[in-house]
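Note sheet for the following structure.
Below, all heavy atoms of this structure are taken into account, side chains as well, without hydrogens, waters or symmetry copies. Per chain, numbering begins at 1; letters A, B, ... match sequence-line order.
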Amino acid sequence: MTTAEIRVTLPDGSERRLPAGSTAGDLARAIGPGLAKAALAARVNGEVRDLARPLPDGASVAILTDKDPAALDVLRHSSAHVLATAVRQLFPHAKIGFGPAIEDGFYYDFEVPRPFTPEDLQAIEGKMAEVVAADHPFVREEVDRAAAKRRFVDDPLKLERIDDLASDEVISVYTDGPFVDLCRGPHLPGTGRVKHFKLLHAAGAYWRGDERRQMLQRIYGTAWFTKDDLEGYLRRLEEAKKRDHRLIGKALDLYSIQEDVGPGMIFWHPRGAMLNFQLRRFIEDIILARGYELVYTPHVTREQLFRRSGHLPLYAENQFPAMGAGEGEAEDVRYRVKPMNCPMHILVYASQQRSYRDLPIRLAEIANVYRNERSGTLHGMLRVRGLTMDDAHIFLREDQIEQEIFELLDIVELVMGKTFGLDYRLDLATRPAKKLGDDAMWDVAERGLEQALKRRGASYRLDQGGGAFYGPKIDIKFNDAIGREWQGATIQLDFQLPERFQLEYTGADNAPHRPVMIHRAIFGTIERFVGFLIEHFAGAFPLWLSPEQVRVLPIADAQLEAARGVAAALQAAGLRARVDERSETLNYRVRDGEVMKVPYLAVVGQREADAGTVAVRVRGAGKKQVVLPLAELVERLTEEVRTRSLVSSV
RNA sequence: GCCACCGUAGCUCAGUGGUAGAGCUCUCGAUUCGUAAUCGAGUGGUCGUCGGUUCAAAUCCGACCGGUGGCUCCA
């Protein structure tokens, strides 16, 4: 039998015949010179591969150009190799780790005697340009294990990786000019295709992400197909910096962190405190209307409570150390600040006998808890040690799980989607390998979560094995305006704590039963949520949230009394308004109001004072003002607040 | 916690071995102004802390505290 020809199917469904042994690159050339020039890689039977690899007979093949998102990953991975090529030339003794493509860029890990300096990065970037100019082809070879080990005899990290490869795995190495790497690929045809890149920063990173292993030096970079894309990306990074809640938080006097008190502890200044207060009111109104009951519980407890809950051995690392026994107390009575509220709420549940008719019982508390987070993880308001959870624990029967989750998802949508207009994603995290409780229980729980998600028509990502050891959960993640992902709300089922605390309710059969418990937070924590909102709105909060809603500006002192009257009328309607009485020019005061992101500046000159109107300047709208009778302004703004509108009503 | 970098007035920053600076903020005075910074004057810092080197340290070295970017961990 001769196999002089192979047939492949193109994305448009057409078939092409090629000589046996033809590569994807050959196919591109056969189709046309334009495509041959633009071709970067190929998708063969769904898998992205090098152009230089021979095509199997009967394959469906798509030639990838820079228009294809998958090609970006190939570019970035190849950029990582270019980086390593350059580093090896400048630092011949650098041991190489991993160098993958990541979102928006790539990195490569090196083991070097001393960390890279900013000057090193510059030199490396220069050397990379030479590697690109040389346009070394990326050459793939498949080798056996022994050959691979010989190739990387001087690279212990690669040797370790080889040892971890499954016995049936194909081992491939890629060469570009002087550099050889153990790598699955795929790559661009040559280093010359890496044109628009920039090294961003260097940082330490544990080998294989394991903090017990040595720390490697990681270099991060970004790479794009066009100059515009690269510049656009760098511009976005700059924009992101301007939205940083730590900068805006300072500029708008929202909060501070004081070294005297300690890292990760938020001081809510009056303006920030108003955001906090409004969010509390908002969420409390919502949950009180949905059958929740508020509780308040102590911040400090005998240590034994967390021993019983099982937290202490596991969670001690994240708890502040115990406080000693008080005067006259037994030596062994030690106290802990609480890092979470669940055991407290459980004690409220357990304080009396419960009937199946009472369930679900929903105990909510917006509570401050303290967690001794590792110092390196702290980050503005987004990661703190003193945190305010909008916490609740729901005690319910197994048959109520689906409906309760359904209602929780409804609250999430009401808050995140309807009120703030946020895009968020749902992750369903299922049973991990190390788990407590029998499979039947997990089946019920996971099915309940899944059914609820389906019933809501919500799209969600399955995080197989990502659940907590005590139960599956739904995590709500959202992207901020600049694309970073955060975890906010979380809905966790728990079979463990009811067990440990021997919780019971009396069923219709007059026998004791064990309830299931749901831990849930909608904002997650007020700190993180406010930090996120600051960045999302870049400090320009919707009216209902704005710490200062209206600033009244008399044009001159002659209108001071009229301005005070306007402010008083607004205040009487429940709006947060004040008069800027400073003896500064109008320009100065307008600028200050804009800089402070006050939604409305109500200018009162003689014309307005005489007519009983105000000239309203809308935040961000520039000179374009709207003159309204005072009563109408009050009406519009109170309505804007009532509806929690995201757009101006003026 | 680990790696690197950073820490000067309330804020943003200049000052690299020889007597601590600017702008803004704040206070006072003048100005009373029609939509993004009016003019003048003044207050304000043992240069993160402690120790070391030096005739001399904001500047060089060390430790600690705090911050930034990553890693690990996580709401």
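- At the phosphate of B:G1, neither OP1 nor OP2 sits under 4.0 Å from any side-chain N or O atom of A:Tyr206.
- In this structure, B:G29 forms a base pair with B:C39, meeting either the Watson-Crick or the G-U wobble geometry with both donor-acceptor distances under 3.5 Å.
- Between A:His379 and B:G67 there is no side-chain polar atom (N or O) within less than 4.0 angstrom of OP1 or OP2.
- An OP1 or OP2 oxygen of B:U72 is reached within less than 4.0 angstrom by no side-chain nitrogen or oxygen of A:Arg212.
- With rounding to whole Å, A:Met340 atom CE is found 11 Å from B:C74 atom C1'.
- Of the candidates B:U32, B:C3, B:U72, B:C3 carries the atom nearest the A:Met215 side chain, counting heavy atoms from C-beta on.
- Atom-to-atom, CD of A:Glu259 to P of B:G10 comes out at 14 Å; the value is rounded to the nearest Å.
- Between the CZ atom of A:Arg591 and the C1' atom of B:G23 there is a distance of 12 Å, rounded to whole Å.
- Looking at heavy-atom distances under 4.0 Å, A:Phe529 makes no contact with the nucleic acid at all.
- Under 3.5 Å, the side chain of A:Arg374 and the base of B:C73 form no donor-acceptor pair of N or O atoms.
- Judged by distance alone, with hydrogens and angles left aside, A:Glu608 brings a side-chain donor or acceptor within reach of the base of B:G34, the pair sitting under 3.5 Å.
- At a threshold of 4.0 angstrom between heavy atoms, the contacts of A:Gln487 are confined to the sugar-phosphate backbone, with no base atom among them.
- Under the Watson-Crick or G-U wobble criterion, with both distances below 3.5 Å, B:G44 has no partner in any strand shown.
- With both ends at atom C1', the span from B:G17 to B:U53 equals 12 Å, rounded to whole Å.
- Under the Watson-Crick or G-U wobble criterion, with both distances below 3.5 Å, B:C50 is paired with B:G62.
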A:Arg591 and A:Asn587: CA distance, side-chain angles, deciding distance, side-chain hydrogen bond (donor to acceptor under 3.5 Å, both in side chains) verdict: CA-CA 6 Å; A:Arg591 177 184 149 81; A:Asn587 274 333; over 6 Å; no
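- For A:Tyr588 and B:U25, the shortest distance from a side-chain N or O to OP1 or OP2 is below 4.0 Å.
- Summarising the geometry, the separation between CG on A:Leu378 and P on B:G1 is reported as 9 Å, rounded to the nearest angstrom.
- Residue contacts for A:Gln217: at a heavy-atom cut-off of 4.0 Å it reaches the sugar-phosphate backbone alone, with no base atom in range.
- Nearest-nucleotide assignment on RNA chain B puts the 5′-proximal partner with A:Lys250, out of A:Lys250 and A:Val627.
- Within 4.0 Å of A:Ala615, counting heavy atoms only, lies at least one base atom of the nucleic acid.
- Heavy-atom minimum distance, A:Ala609 versus A:Ala562: CB-CB, 3.8 Å.
- A:Met389 comes within 4.0 angstrom of nothing in the nucleic acid, heavy atoms only.
- Rounded to whole angstrom, the span from the CD atom of A:Gln214 across to the P atom of B:U72 amounts to 14 Å.
- Using atom C1' as the reference point in both B:C3 and B:C55, the two lie 39 Å apart (nearest Å).
- Looking at heavy-atom distances under 4.0 Å, A:Gly605 makes contact with a base.
- The side chain of A:Ala205 approaches B:C71 more closely than any other nucleotide in the set B:C74, B:C71, B:G69.
- When the options A:Phe523, A:Tyr424, A:Phe282 are evaluated for a ring pair (Phe, Tyr, Trp, His ring centres under 6.0 Å) with A:Phe529, the one that passes is A:Phe523.
- Looking at A:Gln606, A:Glu608, A:Arg607 one by one, the single match for side chain to side chain contact (heavy atoms under 4.5 Å, CB included) with A:Asp610 turns out to be A:Gln606.
- Proximity of A:Ile286 to A:Tyr292: side-chain heavy atoms (C-beta onward) are nowhere separated by under 4.5 Å.
- For B:C71, its base never sits under 3.5 Å from the side chain of A:Arg213 at any donor and acceptor pair.
- Going from the P atom of B:U68 to that of B:C11 covers 15 Å, rounded to whole Å.
- Across all strands shown, B:C5 forms a Watson-Crick or G-U wobble pair with B:G67, both key distances being under 3.5 Å.
- Between A:Lys473 and A:Arg218, the residue whose closest nucleotide on RNA chain B is further toward the 5' end is A:Arg218.
- OP1 or OP2 of B:U38 lies within a sub-4.0 Å distance of a side-chain N or O belonging to A:Thr585.
- Across all strands shown, A:Glu373 has heavy atoms under 4.0 Å from base atoms, whether or not it also approaches the sugar-phosphate.
- B:A22 and B:C5 have their P atoms separated by 32 Å, given to the nearest Å.
- Side-chain proximity of A:Ile555 to B:G34, B:A36, B:G70: nearest is B:G34.
- Rounded to an integer number of Å, the gap from A:Glu584 CD to B:G40 C1' is 13 Å.
- Each of B:A75, B:U32, B:A36 was ranked by its minimum atom distance to the side chain of A:Ser583; first place goes to B:U32.
- When the P atom of B:C64 is taken as reference, atom CG of A:Asp260 falls 20 Å away, rounded to whole Å.
- A:Trp224 carries A:Arg76 over the face of its six-membered ring, with the cationic atom under 6.0 Å from the centre and within 45° of the normal.
- Separating the P atom of B:G7 from that of B:C61 is a span of 12 Å, rounded to the nearest Å.
- Using P as the reference atom, B:A37 and B:G70 are 36 Å apart when rounded to the nearest Å.
- When the nucleotides B:C33, B:G69, B:A36 are ranked by their closest atom to the side chain of A:Ala203, B:G69 comes out on top.
- Screening A:Lys473, A:His393, A:Gln492 against A:His519 for a side-chain hydrogen bond (donor to acceptor under 3.5 Å, both in side chains) leaves a single residue, A:His393.
- No close placement of the A:Phe106 and A:Phe197 rings is indicated, their centers lying 6.0 Å or farther apart.
- Here the C1' atom of nucleotide B:C74 and the CZ atom of A:Arg385 are 13 Å apart, to the nearest Å.
- With respect to the salt-bridge test (charged N to carboxylate O, under 4.0 angstrom), the residues A:Lys95 and A:Asp155 do not qualify.
- The base-pairing partner of B:U12, taking Watson-Crick or G-U wobble contacts with both distances under 3.5 Å, is B:A22.
- The base of B:U68 lies outside donor-acceptor range of the side chain of A:Arg246, with no N or O pair under 3.5 Å.
- With hydrogens and angles ignored, no donor-acceptor pair under 3.5 angstrom links the side chain of A:Arg520 to the base of B:A75.
- Nucleotides B:G21 and B:G45 have their P atoms positioned 13 Å apart, rounded to a whole Å.
- With B:A75, B:A4, B:G34 as the choices, the nucleotide that has an atom nearest any side-chain atom of A:Leu586 turns out to be B:G34.
- Using cut-offs of 30° and 60° on the angle between ring planes, the pair A:His311 and A:Phe306 is perpendicular.
- In this structure, A:Gly622 reaches neither bases nor backbone, as no heavy-atom distance under 4.0 Å exists between it and the strands shown.
- A:Asp557 comes within 4.0 angstrom of a nucleotide base, judged by non-hydrogen atoms across all strands.
- When the P atom is compared between B:U46 and B:G34, the two are found 43 Å apart, to the nearest whole Å.
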